[in-house]
Amino acid sequence: MVTQNITKSAEYHVLVTGCAGFIGFNVSKRLLELGLKVTGIDNLNDYYNVSLKEARLNLLKKYDKFIFHKADISEASVVNDLISEGKFDYVINLAAQAGVRYSIENPKAFIDSNITGFFNILEACRKHPVKRLIYASSSSVYGGSTNYPYSAEENVNKPVSLYAATKISNELMAHSYYSVYGLPSTGLRFFTVYGPWGRPDMAYYLFTDGIVKGKPINIYNHGEMERDYTYIDDIVDGITKVIEYRDSESYDIYNLGNNKPVKLMDFIGILEKSIGKKAIINSMDMQPGDVIKTAADISKSMEELKFNPSVPIEEGIAKFVDWYYEFNGLKR
């Protein structure tokens with residue numbers, strides 16, 4: 001294992017795909033604050049409000065060491081040329097079509113971005129070697145497993161959504177490129193990431209929007225669900241720690257979660273308290289592709305990455321709600 005102080009690695013040049021997305025924006029911002037040079041790529045698609053992506057991007061453009069390319073990772077020549085010319089030390093692939101439920105409506109979008117796009121990233125990194133490819137996986141890979149908490153060593157081969165299937169495929173593809181070509185990579189299974197600048201399609205954002213506006217919110221499986229909510233700053237810490245603590249000759253998979261699952265109705269109660277209004281609940285049946293509970297075993301991440309999530313759910317939700325009001329120009 002190699003330990004290096006990322007704050008002393010300002011000479012590093014990092015490519016962040018999906019830089020205008022929720023996690024990609026926050027990772028890019030953190031790396032820039034640490035003094036690293038960051039090149040970002042994003043296609044700015046309209047899966048959700050493009051103005052939010054543009055607002056994130058405008059903040060990144062204020063940094064002198066940030067370069068932006070509007071492009072799609074599903075275009076092989078674009079990805080190859082960018083990685084060839086950039087001479088990157090690290091590639092952090094956070095570009096993906098997200099959304100378990102959306103994968104039921106528009107499966108092709110997931111194949112184009114999550115499979116073809118990821119293949120293009122792997123090929124470019126193979127041809128133009130980097131110290132390490134770091135990429136986003138998901139807690140969705142565990143499917144309907146009831147082996148709580150989920151271990152990063154668990155065999156994942158029964159996805160319950162196409163989105164999950166694409167993320168499992170990413171891990172397998174990365175492993176093959178490590179085995180055949182020696183491409184070092186780290187896959188990070190994110191557990192329900194939330195916080196300021198979050199995605200409007202995520203449940204916590206939809207809940208907040210509904211409660212604030214006095215509109216009913218859809219509660220699936222009649223509220224009998226649990227999620228391992230992880231604050232965005234903790235996720236970013238985990239990603240940067242891969243650069244600090246992993247050497248250049250390994251293939252790794254880690255869970256990045258809070259390790260403290262919260263019952264859905266308790267979560268809504270926290271939101272209600274932070275907003276100061278009661279939710280109007282529309283109780284519904286379970287949706288296809290969804291799971292009852294997620295819970296991360298982060299012992300491996302804590303030991304090997306020194307990962308230590310520290311933001312409690314009450315604090316994280318309060319920060320998100322404050323941002324929600326400010327960003328949307330609402331008075332409390």
**Report entry** Student check: side-chain heavy atoms of R56 and L60 closer than 4.5 Å
**Finding:** no
Requested in this report: Output all residues satisfying side chain to side chain contact (heavy atoms under 4.5 Å, CB included) with Y181, sequence neighbours left out; order by chain, then residue number.
Outcome: R126, Y177
Query - Residues which pass side chain to side chain donor-acceptor pair (under 3.5 Å) with N258, listed by chain and number, not counting sequence neighbours - result: none
Query raised in the report: Considering residues at least two apart in sequence or located in another chain, which fulfil the salt bridge (charged side-chain N to carboxylate O under 4.0 Å, His left out) criterion with K293?
Result: none
Query raised in the report: After noting the C-alpha distance and the side-chain angles of N120 and N80, does the key distance pass the side-chain contact (heavy atoms from CB on, under 4.5 Å) rule?
Result: CA-CA 7 Å; N120 292 338; N80 183 72; over 6 Å; no
Query - Identified ring-ring contact (aromatic ring centres under 6.0 Å, His included) counterpart of W197 within the set Y324, W323, F320 - result: W323
Query raised in the report: Taking the inter-plane angle between the rings of Y150 and Y148 on a 0 to 90° scale, is it parallel (under 30°), tilted (30 to 60°) or perpendicular (over 60°)?
Result: tilted
Query raised in the report: side chain to side chain donor-acceptor pair (under 3.5 Å) with S28: which residues, sequence neighbours excluded?
Result: none
Query raised in the report: If you look only at pairs with a residue in residues 134-153, which of them pass as a salt bridge (charged side-chain N to carboxylate O under 4.0 Å, His left out), with sequence neighbours excluded?
Result: E153-K300
Report task. Grab the two heavy atoms, one from R332 and one from I275, that are nearest each other, plus how far apart they are. Result -> NH2-CA, 3.8 Å
Requested in this report: Taking atom CD of E224 as the centre, report whether more than 12 heavy atoms of other residues, nucleotides or ligands fall under 6.0 Å from it.
Outcome: no
Query - Worked verdict on D237 versus K241 for salt bridge (charged side-chain N to carboxylate O under 4.0 Å, His left out) - result: CA-CA 6 Å; D237 285 344; K241 285 181 183 299; over 6 Å; no
Report task. Determine which pairs satisfy ring-ring contact (aromatic ring centres under 6.0 Å, His included) with at least one residue from residues 222-244, sequence neighbours left out, and list them in order. Result -> Y194-Y231, Y229-F267
Report task. Identify whether V14 and F88 are in the same connected component of the hydrophobic contact network (ILVMFWY, side-chain heavy atoms under 4.5 Å). Result -> no
Query raised in the report: Are N255 and S301 close enough that a side-chain donor and a side-chain acceptor fall under 3.5 Å?
Result: no
Report summary line: Heavy atoms of M286 and V291 approach each other most closely as CE-C, 3.3 Å
Query - Those residues that, when tested against A136, pass side chain to side chain contact (heavy atoms under 4.5 Å, CB included) (two or more places apart) - result: L94, K167, F190
Report task. Taking side chain to side chain contact (heavy atoms under 4.5 Å, CB included) as the test, write out the residues that go with A279, two or more places apart. Result -> I211, I217, I268, E272, I281
Requested in this report: Not counting sequence neighbours, which residues clear side chain to side chain donor-acceptor pair (under 3.5 Å) with S169? List them please.
Outcome: none
Query raised in the report: Are L133 and I235 connected in the hydrophobic side-chain network, where two residues link if heavy atoms are under 4.5 Å apart?
Result: no
Report summary line: M225 and R227 have their tightest heavy-atom pair at CE-NH2, 3.3 Å
Query raised in the report: With sequence neighbours left out, what residues match Y135 under side chain to side chain donor-acceptor pair (under 3.5 Å)?
Result: none
Query raised in the report: Residues in side chain to side chain contact (heavy atoms under 4.5 Å, CB included) with V156, at least two apart?
Result: V141, Y142, I168, E171, R189
**Report entry** Stepwise side-chain contact (heavy atoms from CB on, under 4.5 Å) check, Y325 with V321
**Finding:** CA-CA 6 Å; Y325 274 96; V321 170; 3.6 Å; yes
Requested in this report: For residues 41-53, pull every pair meeting salt bridge (charged side-chain N to carboxylate O under 4.0 Å, His left out), keeping only residues two or more places apart or in separate chains.
Outcome: none
